[in-house]
Amino acid sequence: MTFALVAALTLSGTAMAAKKKVAGKLRHVVSLKFKEGTKPEDIRKVVEAFAALKTKIPQVDKFEWGQNVSPEKHDRGHTHVFILTFRSEKDRDEYIVHADHKAFGALLGPLMAEVFVVDFWVHD
C-alpha cells in the first residue's frame with residue numbers, strides 16, 4: 001500500500017469519526033470586519049439582530065458575542081466575534097438555512113467587508 005493511500009484512508013477515517021460525534025457542544029464562530037465608514041448605530045443594529053436569532057431559531061442553544069480587545073494586532077480589521085453553540089451538526093445545518101438567518105444575512109451583507117467562520121466540537 002502506498003503512503004498516499006494510507007494517508008488518504010487515515011484522513012477519511014478521521015473525518016468519518018468526527019461526523020459520528022453526537023454528544024457535546026458544536027461551536028459556530030463568526031468574526032466580522034465591517035466596511036470602512038459603517039456607522040456605530042448600524043453595527044448596533046447588526047449585533048441586536050444577530051442576538052435576536054437565539055429567540056427566533058430554536059436550534060441555537062447559546063449565543064455570545066464581543067468586540068476585539070486583543071493587543072496582538074492580528075485581527076486583520078475584524079472587530080466583532082459571535083459564538084453560537086449547537087447540540088448537533090443537524091441543528092447547525094438547520095440554523096444555516098433558516099429563514100430568519102437568511103434575513104439577518106440580508107441586513108448584514110451591505111455593511112460587511114469580510115467574514116471568517118469556523119465550526120468546531122468543544123473538547124473538555
Given side chains that start at C-beta, do those of [X] and [Y] come closer than 4.5 Å, heavy atoms only?
X	Y	result
Leu84	Phe50	yes
Ile83	Trp65	no
Lys35	Leu111	no
Val30	Val81	no
Val122	Arg27	yes
Phe120	Leu26	no
Leu53	His101	yes
Phe104	Val46	yes

Of all heavy-atom pairs between Ser88 and Asp91, which one has the smallest distance, and what is that distance?
-> OG-N, 3.0 Å
Which atom pair, heavy atoms only, marks the closest approach of Gln59 to Phe86?
-> O-CD2, 3.2 Å
Return the [atom1] to [atom2] distance between [X] and [Y], rounded to the nearest 0.5 Å.
X	Y	atom1	atom2	value
Ile57	Ile96	CD1	CD1	10.5 Å
Lys73	Asp75	NZ	CG	7.5 Å
Lys39	Arg44	NZ	CZ	12.5 Å
Leu107	Glu48	CG	CD	10.5 Å

How far apart are the C-alpha atoms of Lys45 and Glu41, what are their side-chain angles, what is the distance that settles it, and do they pass the salt bridge (Lys or Arg N to Asp or Glu O under 4.0 Å) test?
-> CA-CA 6 Å; Lys45 289 176 187 174; Glu41 58 267 23; over 6 Å; no
Should the pair His80 and Phe34 be assigned to parallel (<30°), tilted (30 to 60°) or perpendicular (>60°) ring geometry?
-> perpendicular
Please say whether more than 12 non-hydrogen atoms of neighbouring residues, nucleotides or ligands are located less than 6.0 Å from CD in Glu36.
-> no
Should the heavy atoms of other residues, nucleotides or ligands under 6.0 Å from CZ of Arg76 be counted, would the total exceed 12?
-> no
Do His78 and Glu114 meet the criterion of a side-chain donor-acceptor pair at a distance under 3.5 Å?
-> yes
Among Lys25, Arg87, Arg92, which one satisfies side chain to side chain donor-acceptor pair (under 3.5 Å) with Asp61?
-> Arg87
Quick check, are the ring centers of Phe82 and His28 under 6.0 angstrom apart?
-> no
